[in-house]
There are 2 protein chains.
Amino acid sequence: MKTKLFIVDDHYMVIEGIRSMLEQEPQIDWLGYAYNAAACLSYLRTQTPDVILMDINLPDTSGIELCGEVLQRYPGVKVIGLSTFNQLSFISRMLDKGASGYLLKNASKAEILKAIETVMQRRQYLSLEASEMIKKNETADAPVLTRRETEVLQLIAEGMTNAEMAERLFVSTTTIDTHRKHLLAKFNVKNTAVLIRLATQMKFV
Amino acid sequence: MKTKLFIVDDHYMVIEGIRSMLEQEPQIDWLGYAYNAAACLSYLRTQTPDVILMDINLPDTSGIELCGEVLQRYPGVKVIGLSTFNQLSFISRMLDKGASGYLLKNASKAEILKAIETVMQRRQYLSLEASEMIKKNETADAPVLTRRETEVLQLIAEGMTNAEMAERLFVSTTTIDTHRKHLLAKFNVKNTAVLIRLATQMKFV
DNA sequence: CAAAAAATCCCCTAAAAACAGGAGAAGAAC
DNA sequence: GTTCTTCTCCTGTTTTTAGGGGATTTTTTG
């Protein structure tokens, strides 16, 4: 039984690298690739792969969003996140969205094959270097936000004041103020500037 | 006359992609690759390539530094920068260091070959999409900041208040206030939140 | 050198955000 | 059926930013 493999990555060189490594493998059925989230979703309407290798950074949506969307529509698909060293903070959110594993972009052919094999057995595959770094980062990094907090964070980043947000969300300004306090506390920062910088860097906005 | 080609990139998939695309080309002599700046410099002590494809992001030094160092020691070598879409701001600095060209990581085989050919003729090769985006970035979105404004912007993003920045930069708080006003005006935004979001997205911070 | 740009400083007022501390209600989780 | 989380709201005070002016002194640059 061949594994139907699909890639979503905006870098042709990466796609070509994976293709060159895996195309000749007997257990891999190379379905193709997409450069962005839209093309990926469009492809999935006609074909259903077994495994999708998905870059965290895409030109239109973030891989995190795309992962959530894909798994909501096609729960049977296994998604393996792809990332570079300095983006490990995103991985845990990708796993939260239901991804089955992740690889670093410097993975060898053997490691990619192992990852695909592992997730096909309904187990999780975490690249060694990356899971080590995640362990290290676990404490400090990306906070867990509630629905409302995420919403408020987004609106702050759009430039709205507490009064404007209160009106938009049909709550009191003091409520917004509370959400802000919680955001500052969760990100462990003391003002909006750093909050928005971190939130932007961590792709919350 | 074959072109001796060397790659510096920390992502195995990218190296494999380029190798797979170019190895069979008769005019290319595939010398090999390095994962980081140190390995690259070490390799250059034994061999001198004609063209180096160099990633902007490396684990040890930045590609920009490495580019400067390599060209200082081996002025005859042609360096072509490699980058992704969201790192265009680094390219101009790479060109300042003497790079002969740059490519985006989604470049096709034909484009890579054209770039190599072009720089071997002692001309500069700039990828189309990227030079367009650089042009865009120059005019519309990214404002031109003065030295002091950049400095203040950075400190705001670090979370400092006007008083703290004034102390750090040995000026009055009202001066900082003025720089802030200019920043808001230049970015055409009404508060710090949007300022920092845009500045982060545009890689000012 | 003259003109433009950048950096510096000042006034004032109003608005917004941060800090502190508490508290009730609804729903989910155990 | 209690505990935890989330969302909601409150009263205050203090700090920080934003907005609107204006002005002087260095640097750059044509």
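Chain A is the first sequence line, chain B the second, and so forth, proteins listed ahead of strands; every chain is numbered from 1.
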Colleague: From D/dC10, D/dC7, C/dC10, pick the nucleotide closest to the side chain of A/Thr174?
Modeller: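 Of D/dC10, D/dC7, C/dC10, D/dC10 is nearest to the side chain of A/Thr174.
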Colleague: How close or far is atom P of D/dC7 from atom CZ of A/Phe170, stated in whole angstroms?
Modeller: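 In whole Å, D/dC7 P lies 17 Å from A/Phe170 CZ.
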Colleague: Give one of base, sugar-phosphate or nothing for B/Thr175, where a contact means two heavy atoms less than 4.0 Å apart.
Modeller: base
Colleague: Is A/Ser172 near enough to D/dC10 that one of its side-chain N or O atoms lies under 4.0 angstrom from OP1 or OP2?
Modeller: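 Yes.
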Colleague: Would you say B/Glu167 has more than 12 foreign heavy atoms packed within less than 6.0 Å of its CD?
Modeller: no
Colleague: A/Gln121 and A/Arg123: which non-hydrogen atoms are nearest, and at how many Å?
Modeller: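 For A/Gln121 versus A/Arg123, the nearest heavy atoms are OE1-NH2, 2.7 Å.
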Colleague: In dot-bracket form, 5' to 3', how is DNA chain D paired? Count Watson-Crick and G-U wobble pairs only if both distances fall under 3.5 Å, and write | where the partner sits on another strand.
Modeller: ||||||||||||||||||||||||||||||
Colleague: Once you round it to whole Å, what is the distance between P of D/dC7 and CG of A/Leu153?
Modeller: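 It works out to 13 Å between those atoms.
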Colleague: Could you write nucleotides 13-30 of chain D as a row of B, S and -, 5' to 3', where a protein heavy atom under 4.0 Å of any base atom gives B, of only sugar-phosphate atoms gives S, and otherwise -?
Modeller: ---SSSBBB---------
Colleague: Heavy atoms, side chains only, cut-off 4.5 Å: are A/Leu195 and A/Leu184 in contact?
Modeller: yes
Colleague: Under 4.0 Å between a side-chain N/O of A/Arg147 and OP1 or OP2 of D/dT6, yes or no?
Modeller: no
Colleague: Can you confirm whether A/Val79 sits close enough to A/Met54 that some side-chain heavy atom of one is under 4.5 Å from a side-chain heavy atom of the other?
Modeller: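 A/Val79 reaches A/Met54 side chain to side chain.
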Colleague: When all nucleic acid strands are considered with a 4.0 Å heavy-atom cut-off, which category describes B/His182: base, sugar-phosphate, or nothing?
Modeller: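 Nothing, no heavy atom under 4.0 Å.
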Colleague: Grab the CD-P distance between B/Glu151 and C/dA6 for me, whole Å please.
Modeller: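 In whole Å, C/dA6 P and B/Glu151 CD are 15 Å from each other.
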Colleague: So do the side chains of B/Glu111 and B/Leu103 get within less than 4.5 Å of each other, counting heavy atoms only?
Modeller: yes
Colleague: For the pair made of CD1 in B/Ile176 and P in C/dC10, what is the distance, rounded to whole Å?
Modeller: 12 Å
Colleague: Between A/Asp10 and B/Asn106, what is the shortest heavy-atom contact and its length?
Modeller: O-CB, 3.1 Å
Colleague: Distance check needed: D/dC7 P versus A/Leu183 CG, whole Å only.
Modeller: 11 Å
Colleague: I would like to know whether A/Tyr125 and A/Glu117 meet side-chain hydrogen bond (donor to acceptor under 3.5 Å, both in side chains); could you show each step before the answer?
Modeller: CA-CA 9 Å; A/Tyr125 184 88; A/Glu117 193 188 318; over 6 Å; no
Colleague: Kindly say whether the aromatic ring centers of A/Tyr33 and A/Phe6 come within a distance under 6.0 Å.
Modeller: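 Not close enough - the centres of the two rings lie 6.0 Å or further apart.
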Colleague: Could you go through B/Arg180 and B/Thr192, starting from their C-alpha distance and side-chain angles, then the distance that decides it, and tell me whether this counts as side-chain hydrogen bond (donor to acceptor under 3.5 Å, both in side chains)?
Modeller: CA-CA 9 Å; B/Arg180 268 187 113 119; B/Thr192 303; 3.1 Å; yes
Colleague: Could you write nucleotides 24-30 of chain C as a row of B, S and -, 5' to 3', where a protein heavy atom under 4.0 Å of any base atom gives B, of only sugar-phosphate atoms gives S, and otherwise -?
Modeller: -------
Colleague: When rounded to the nearest 0.5 angstrom, what distance separates CG in B/Leu53 from NZ in B/Lys105?
Modeller: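 So the gap between those two atoms works out to 11.0 Å.
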Colleague: Looking at B/Asp29, B/Ile28, B/Asp50, which one forms a side chain to side chain contact (heavy atoms under 4.5 Å, CB included) with B/Leu5?
Modeller: B/Ile28
Colleague: Among D/dC7, D/dC10, C/dC9, find the nucleotide with the atom closest to the side chain of A/His179.
Modeller: D/dC7
